[in-house]
Amino acid sequence: MFKTIINAWKVKDIRTKMLYTLLLIVVYRLGSFIPVPGVDAEALSQLVSQYDFLNFLDLFSGGSLSQFSIFAMGISPYITASIILQLLTIAFPKLEKLSHEEDGQKKIERATRYVGIGLALIQSVSIVVGLSSSNANLLKDITWFGNSGFGTFMNGIMPYVTVGFCCTAGTAFLMWMGERINEKGIGNGISILIFASIVSSVPQVVINLINGTFHISPVIENNVPVFYKWWYFLVVIAVVLILVVGIILVDKAVRKIPVQYAKRVVGRKTYGGAATHIPLKANANGVMPLIFAMTILQVPAMIGQFWPNGKFYAFVSKYLSAGSTNALGLAIYYVLYALLIVGFAYFYSSITFNPVEISKNLQQNGGFIPGIRPGRPTSDYLKKKCSRLTMFGALFLMVIAIVPTVFLKILDINVLSSFGPTSILIMISVSLEIADQLDSLLLMRNYKGFLG
């Protein structure tokens with residue numbers, strides 16, 4: 001991977017793409033420190049640590065939520081909007097037909113942006129409203145239009161308008177940055193922004209692990225200073241290494257479907273007769289089913305934020321939260337988590353892989369799978385192979401997301417509570433995706449240093 005980056009840096013066009021991507025990442029991280037006016041960031045940071053849903057958003061926003069910067073909502077509203085639109089595409093035939101057209105895809109992308117902006121507005125205001133009931137001093141006193149009756153009304157509503165406007169504008173800007181990375185940079189823009197958010201928390205996790213293990217300074221957990229036992233360090237390092245090796249092995253694993261092309265004589269020339277294969281990745285869906293499942297599981301908590309002292313939020317905290325102290329609640333949460341991962345894996349696979357289309361293309365070009373008749377038998381065969389690989393990928397994601405977390409929870413190791421196996425999976429997957437794209441760009445330019 002490092003050799004690929006060095007070789008890519010020597011090519012001017014690729015170097016420009018890499019610098020452009022790095023520049024936007026720097027802008028993103030700088031924007032994470034620009035506060036939203038009218039909010040006490042210190043008081044909000046203390047409240048964020050008490051809710052799993054907010055910790056999840058804080059991780060995916062690179063700590064922007066706990067500081068309540070203009071990027072406090074991060075790119076999560078856009079991801080949620082993508083899930084909603086993709087589910088609607090499956091549910092409504094007209095939208096499904098529209099998604100197969102070039103103009104229709106643009107319309108769906110535009111609708112996704114609008115829904116994402118709307119969700120950012122609702123989510124930002126609801127978080128402030130919900131947390132304000134827990135801390136009356138969360139919103140700073142700002143005088144708007146004097147102390148008249150109109151001024152009193154504006155003083156009551158303007159802080160929420162300010163929060164909603166700033167956070168929504170921040171999410172819209174991140175969506176724009178993601179699209180610019182797709183067009184002029186390296187990698188998938190949304191994935192890059194999530195990657196940058198998670199990586200920004202790595203140094204603090206490492207520092208906490210070292211400080212707590214070697215008793216340099218205590219780590220604050222639930223407002224209580226604690227030190228870790230000496231073997232915590234070894235266990236965490238072992239878990240991380242196992243995760244990294246396992247993720248890389250599965251990500252690089254490919255099931256090759258052999259394809260043979262029949263010979264065709266056109267004039268005096270003979271075409272075809274070559275043997276090739278269709279590569280099917282063991283985990284073709286990558287980390288998307290995991291992100292979708294995590295996002296959906298956070299929706300009840302997001303709704304419950306409107307009534308933080310109500311019975312609904314108490315029920316969600318007990319039975320639909322990874323931080324629940326109830327054994328039954330944890331079991332229900334992880335079972336739902338596993339089922340959602342499998343469901344979204346098959347859902348995402350049905351969108352990205354079309355065996356009927358591949359079968360038609362093979363038949364039109366004189367290709368066939370040895371031992372399988374062209375046409376419907378070929379599409380059924382590809383569908384069967386894809387289904388098995390999708391199940392394998394879903395089981396792999398389930399193991400990565402749940403087993404290490406439960407293992408560390410049993411050992412009472414909380415150093416990776418907010419930065420867990422899922423974060424490691426996202427970082428490695430995005431890193432490998434970037435490396436693969438750099439390889440493709442180098443091959444397209446026939447870079448001799450790389451090919452040799």
Side-chain angles (χ1 to χ4, degrees), residues 76 78-100 104-105 108-109 112 188 190-191 194 246-247 249-257 278-300 320 331-362 369 372 376-403 405 421-422 425-426 428-430 432-433:
S76 297
Y78 179 78
I79 297 174
T80 306
S82 299
I83 297 173
I84 293 173
L85 265 296
Q86 288 181 7
L87 289 174
L88 291 177
T89 300
I90 298 297
F92 296 97
K94 289 185 177 180
L95 282 177
E96 186 177 2
K97 183 180 179 180
L98 194 66
S99 65
H100 295 302
Q105 291 177 358
I108 292 177
E109 289 176 2
T112 303
N188 180 279
I190 303 302
S191 299
I194 296 175
I247 291 168
L249 288 176
V250 173
D251 192 271
K252 292 296 183 180
V254 175
R255 172 70 165 88
K256 296 180 180 180
I257 306 296
I278 301 174
L280 299 180
K281 297 188 68 175
N283 185 29
N285 297 321
V287 75
M288 293 309 296
L290 209 56
I291 295 177
F292 285 2
M294 291 173 64
T295 304
I296 291 297
L297 277 178
Q298 302 305 323
V299 171
L320 294 175
I332 293 174
Y333 173 84
Y334 285 120
V335 168
L336 287 176
Y337 194 12
L339 293 175
L340 284 173
I341 289 174
V342 174
F344 277 115
Y346 277 98
F347 167 72
Y348 202 72
S349 179
S350 66
I351 295 175
T352 57
F353 185 79
N354 189 341
V356 176
E357 189 75 19
I358 295 175
S359 176
K360 287 181 179 179
N361 291 336
L362 286 175
I369 299 174
I372 307 296
R376 184 170 181 176
T378 298
S379 64
D380 291 342
Y381 176 80
L382 291 174
K383 184 177 180 181
K384 180 180 178 182
K385 294 297 181 183
C386 179
S387 178
R388 289 180 178 178
L389 289 175
T390 301
M391 176 55 72
F392 173 81
L395 292 175
F396 166 73
L397 292 177
M398 287 167 50
V399 170
I400 290 295
I402 297 175
V403 173
T405 304
T422 304
L425 175 61
I426 293 173
I428 295 175
S429 299
V430 174
L432 294 174
E433 180 184 347

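Interatomic distance, CZ of Phe353 versus CD1 of Ile358, reported as 3.5 Å (0.5 Å rounding). Between Ser349 atom OG and Lys383 atom NZ the span is 10.5 Å, to the nearest 0.5 Å. To the nearest 0.5 Å, atoms CG (Leu432) and CG (Asp251) are separated by 4.5 Å. To the nearest 0.5 Å, atom CG of residue Leu88 and atom CD1 of residue Ile108 are 9.5 Å apart. In this structure, CD1 in Ile257 is found 10.0 Å from SG in Cys386, a value given to the nearest 0.5 Å. Here Leu290 contributes atom CG and Tyr337 contributes atom OH; the two are 4.0 Å apart, rounded to the nearest 0.5 Å.
Around the NZ atom of Lys252, the shell of radius 6.0 Å holds more than 12 heavy atoms that belong to other residues, nucleotides or ligands.
Closest approach of Leu85 and Thr89 over heavy atoms only: O-OG1, 2.7 Å. The minimum heavy-atom distance linking Asn188 with Ile190 is given by the pair OD1-N, 3.1 Å. Closest heavy-atom contact between Ile247 and Phe396: CA-CZ, 3.8 Å.
The shortest side-chain heavy-atom distance between Ile400 and Val250 does not fall under the 4.5 Å cut-off.
Remark: Leu389 engages Arg255, Leu280 in a side-chain contact (heavy atoms from CB on, under 4.5 Å) (not counting sequence neighbours). Shown here are the ring pair (Phe, Tyr, Trp, His ring centres under 6.0 Å) partners of Tyr348, two or more places apart in sequence or in another chain: Phe292.
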Under 3.5 Å, side-chain donor or acceptor atoms of residues 338-346 against the rest of the protein: list the pairs with distances, not counting sequence neighbours.
{"from": "Tyr346", "atom 1": "OH", "to": "Ser387", "atom 2": "O", "distance (Å)": "3.2"}

Report task. Show the numbers, then the answer: is there a side chain to side chain contact (heavy atoms under 4.5 Å, CB included) between Asn285 and Leu397? Result -> CA-CA 10 Å; Asn285 297 321; Leu397 292 177; 5.6 Å; no
**Report entry** Step-by-step side chain to side chain contact (heavy atoms under 4.5 Å, CB included) determination, Val356 to Arg376
**Finding:** CA-CA 7 Å; Val356 176; Arg376 184 170 181 176; over 6 Å; no
Report task. Apply the test side chain to side chain contact (heavy atoms under 4.5 Å, CB included) to residues Ile79 and Ile194: give CA-CA distance (whole Å), side-chain angles for both, the deciding distance (0.1 Å), then the verdict. Result -> CA-CA 11 Å; Ile79 297 174; Ile194 296 175; 3.4 Å; yes
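Judged by distance alone, with hydrogens and angles left aside, the side-chain atoms of Ser359 form no donor-acceptor pair with the main-chain N or O of Pro355 at under 3.5 Å. When atom types are taken as modelled, the side chain of Ser350 and the backbone of Phe347 share a donor-acceptor pair closer than 3.5 angstrom.
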